[in-house]
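Whatever order the structure lists them in is the order used to number ligands and atoms, beginning at 1.
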Amino acid sequence: MAKQGLLGWHYNDSGIYTVKSGYWLATHLPNQEIIQPTYGNTTIKKKLWKTQMPSKIHHFLWKASSRSLPKGSNLKRRHVTNQDQCCRCCSSEETEKHILFDCPYAQQIWRASGISNMILTDTSATLEEMMEACLQ
Ligand SMILES: [Zn+2]
C-alpha cells in the first residue's frame with residue numbers, strides 16, 4: 001500500500017491556513033524574500049475597503065482593481081480560451097475597464113443609473129479614474 005501524503009498548512013497548530021498564519025509566514029520568510037503587492041492603485045484599494053458596501057462587492061471591485069477578474073484578456077493569457085473579445089458586444093478586448101465602463105451595455109446601465117458623472121462615459125479615462133469617481 002502506497003503512502004499517501006497529507007497536505008496541510010504547517011505554520012500553525014491546526015494545520016489549516018489562516019490569514020494570520022499566512023501573514024506571519026510572509027513576514028518571516030528566509031533570505032528576506034520580498035513579496036510583491038498585488039497589481040493596482042493602493043490608494044483606490046484603501047478607499048474601496050473603507051467604503052460601505054456588501055463584502056461581495058468589495059471583493060469584486062478589489063479583483064477588478066487588481067486586474068484579476070477572469071475576463072477574456074486574462075483567460076487568453078492563461079490559455080483557457082483562445083479569444084479575448086467581450087462576450088456581450090464582440091467588438092473589443094474584454095478588460096476590467098471594458099466590462100465595467102466601456103462596453104456599450106455597461107454604458108447603457110450607467111446612463112440609466114442617473115449618475116451624472118461624465119467621467120463614467122469618457123472612454124479615455126483610466127480604470128482607476130473611473131473607479132475613483134464611483135467611490136465618491
Ligand atoms: Zn463589450
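Counting heavy atoms from C-beta outward, Arg78 and Pro70 have side chains that stay 4.5 Å or more apart. Between Ser73 and Arg67 the shortest side-chain heavy-atom distance does not fall below 4.5 Å.
A salt bridge does not link Lys76 to Glu94: none of the charged side-chain nitrogens sits closer than 4.0 Å to a carboxylate oxygen.
Among the atoms of Cys87, no N, O or S atom falls under 2.8 Å of the Zn ion (ligand 1). At a cut-off of 2.8 Å, Cys86 is counted among the residues with an N, O or S atom near the Zn ion (ligand 1).
For an aromatic pair to be called close, the ring centres must be under 6.0 Å apart, and His28 with Trp24 satisfies this.
Centred on the Zn ion (ligand 1), the angle running from Cys103 (SG) to His98 (NE2) is recorded as 110°, rounding to 10°.
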